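Take a look at the structure set out below.
Nothing here was measured: the structure is a model prediction, and the numbers come from that model.
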Amino acid sequence: MRSLERKLKAAFIGSAIMLSFIGLVFVHSAGSYWGAVHYADSSPFIVKQGIYMVVSVGIALLMMKSPLTSNPKIWTVVYYVTILMLVAVLIPGIGAVRNGSQSWIAFGPFSIQPAEFVKVALIGKLASSFNRSRKKSVFQLSHFGYILLPAALIMLQPDLGSAVIMIVSAFVILFIAGYPLKFFLFLGASGVGAFIALIASAPYRLDRIKSYVDPWSDPLGKGFQGIQSLFAIAPGGLFGHGYGNSRQKYLYLPEPQNDFIFSIIAEETGFIGATFILFVFIVLMVATFGIAIRMKGRSEFYMVAGMGSMIIFQTVLNVGVVSGLLPVTGVTLPFISYGGSSLLTTWIAVGTILHYTTDQKWR
């Protein structure tokens, strides 16, 4: 392996591991009081997250080494298994309802969120569906079937955030595969119409838009999370209040160890700490796409770029939400937010990317 490829691989692995350990540290800080109040224990989240991390990294290592990771038939099987999981989660008695969404399948104290897994399954299915030899036309109706089926099932939960991340990541693959620009312009126009229809079909989405424009119009309702997130970020200043000294985690910001953990990080470490987190994500992004453009085959290029796009777009969406730049939606911060499904999905993407960083697959 040449020097540049070694550096890209090292930067990718190093940033992924660093972000995961930062996540462990701040899951403990952000969730300590919430755990003490609701579970009479300040450490349930850090213990579970530690277990999730060990399992996730272990599965990533298996995917990195296994030849099955690059087998298109395996991705087809995984894709349809996740579709069955999305169907199962909608069945009463199997799917668990949390925060208004029926998105989980519970197993005692643990649970899985199928919408997380279908994101990587769809990327794997699409990337492996393109032939290695370039065709005159890459347009295939089956590609849209692969995207629309899980998107529809996810919206029935409903989970708009996961659906958007999945669709954007899939469209990245279609774009780099050669779909014409006018096609995406058409999709953009259609997407605006679909977005309006989604708002009309569920008034709570319109309430979220209103609270995004003016969160103070409903400070104790729809605008509550956004306001409390800003109350965490703004006082952090340059260096923050210090690790463990967040004020918003004392039941002001609901479940701060989850989607809004970046707010707690900004509050405790200030502008310097928050900027450092974003810098590590930028390193991860540069390394990922550096690896992608050095792939020999088209499928390998699509796979790495698709997995990387999923992680980066989800990061942008989460940070945009907690900083008030985007409407509130339930999206985790990759590697850092508490949650087994989110962490495992992210590390599956990491393991898949690392599978292609071998001498045989570099240009």
Side-chain angles (χ1 to χ4, degrees), residues 11 14-39 41-50 52-53 211-212 215-216 219-220 223-286 311-312 314-339 342-343 346:
S15 55
I17 292 174
M18 181 179 295
L19 288 168
S20 291
F21 275 107
I22 289 172
L24 282 176
V25 170
F26 282 97
V27 161
H28 176 63
S29 175
S32 58
Y33 188 73
W34 186 272
V37 170
H38 291 86
Y39 304 102
D41 183 0
S42 63
S43 60
F45 299 116
I46 181 63
V47 171
K48 282 188 177 181
Q49 191 75 348
Y52 297 150
M53 184 172 173
S211 67
Y212 162 65
W216 291 101
L220 298 179
F224 184 77
Q225 281 185 307
I227 291 172
Q228 297 304 317
S229 179
L230 294 178
F231 280 170
I233 294 172
L238 191 61
F239 298 105
H241 299 310
Y243 178 74
N245 295 326
S246 166
R247 300 163 187 173
Q248 290 302 105
K249 71 180 181 182
Y250 291 102
L251 304 186
Y252 293 103
L253 191 59
E255 299 191 54
Q257 69 280 359
N258 291 339
D259 301 346
F260 284 83
I261 194 170
F262 189 75
S263 305
I264 304 301
I265 293 174
E267 185 182 12
E268 294 188 349
T269 66
F271 177 80
I272 299 297
T275 301
F276 176 75
I277 299 292
L278 296 179
F279 171 75
V280 179
F281 272 112
I282 291 172
V283 171
L284 181 81
M285 177 184 68
V286 172
I311 296 173
I312 298 306
Q314 184 166 330
T315 301
V316 171
L317 191 57
N318 177 273
V319 174
V321 166
V322 303
S323 60
L325 297 175
L326 296 171
V328 173
T329 185
V331 174
T332 56
L333 184 59
F335 298 105
I336 295 178
S337 289
Y338 170 76
S342 175
L343 189 63
T346 306

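- Contact annotation: the side chain of V319 never approaches that of I277 to less than 4.5 Å [non-hydrogen atoms, C-beta and beyond].
- F26 and Y243 have perpendicular rings, their planes meeting at more than 60° on a 0 to 90° scale where under 30° would count as parallel.
- Below 30°, between 30° and 60°, or above 60°: for Y39 and F45 the angle between ring planes is above 60°, a perpendicular geometry.
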Query raised in the report: Can you list the steps and then say if I233 with S263 is a side-chain contact (heavy atoms from CB on, under 4.5 Å)?
Result: CA-CA 5 Å; I233 294 172; S263 305; 4.2 Å; yes

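- Across E267 and A232, no two heavy atoms sit closer than the pair CB-O, 3.1 Å.
- The side chain to side chain donor-acceptor pair (under 3.5 Å) search around Q228 returns Q248, not counting sequence neighbours.
- Proximity of K249 to W34: side-chain heavy atoms (C-beta onward) are nowhere separated by under 4.5 Å.
- Partners of T269 under the side chain to side chain donor-acceptor pair (under 3.5 Å) rule, at least two apart in sequence or in another chain, do not exist in this structure.
- Qualifying side chain to side chain donor-acceptor pair (under 3.5 Å) partners for S15, counting only residues two or more places apart in sequence or in other chains: none.
- The closest side-chain heavy-atom distance from L19 to F281 is below 4.5 Å.
- Between L284 and A16, the closest heavy-atom pair is CD1-N, 4.1 Å.
- The two atoms that bring I46 and V27 nearest to each other are N-CG1, 4.1 Å, heavy atoms only.
- When every heavy atom of S337 is checked against every heavy atom of Q49, the shortest pair comes out as O-NE2, 3.1 Å.
- Residues passing the side-chain contact (heavy atoms from CB on, under 4.5 Å) test with I227, sequence neighbours excluded: P215, W216, P219, F231.
- The side-chain contact (heavy atoms from CB on, under 4.5 Å) test applied to V47 returns S43, I51, not counting sequence neighbours.
- Not counting sequence neighbours, F21 has no partner by the ring pair (Phe, Tyr, Trp, His ring centres under 6.0 Å) test.
- Shown here for M53 and S20, the closest heavy-atom pair between the two residues is CE-CB, 3.5 Å.
- By the side-chain contact (heavy atoms from CB on, under 4.5 Å) test, L326 is found to be paired with L317, V321, residues two or more places apart in sequence or in another chain being considered.
- Here the side chains of D259 and V322 are not in contact, with every heavy-atom distance at 4.5 Å or above.
- Within the model, atoms OH of Y338 and CD of E255 stand 9.5 Å from one another, a figure rounded to the nearest 0.5 Å.
- For the side-chain contact (heavy atoms from CB on, under 4.5 Å) test, residues two or more places apart in sequence or in another chain that qualify with P254 are F224, Q225.
- Taking S342 as the reference, T332 meet the side chain to side chain donor-acceptor pair (under 3.5 Å) condition, with sequence neighbours excluded.
- The two residues S246 and I264 come nearest to each other via the heavy atoms OG-CD1, 3.5 Å.
- For residues 270-282, there are no side-chain hydrogen bond (donor to acceptor under 3.5 Å, both in side chains) pairs, not counting sequence neighbours.
- Looking at E268, its side chain never comes within 3.5 Å of a backbone N or O of G240 through a donor-acceptor pair.
- Atom CD1 of I22 is separated from atom CD1 of I261 by 10.5 Å, given to the nearest 0.5 angstrom.
- In this structure, the separation between CG on L278 and OG1 on T315 is 9.0 Å, given to the nearest 0.5 Å.
- Note that the CG atom of L24 and the OG atom of S29 stand 13.0 Å from one another [nearest 0.5 Å].
- Residues in residues 251-277 take part in no ring-ring contact (aromatic ring centres under 6.0 Å, His included) pair, two or more places apart or across chains.
- At least one side-chain heavy atom of F335 sits under 4.5 Å from a side-chain heavy atom of I311.
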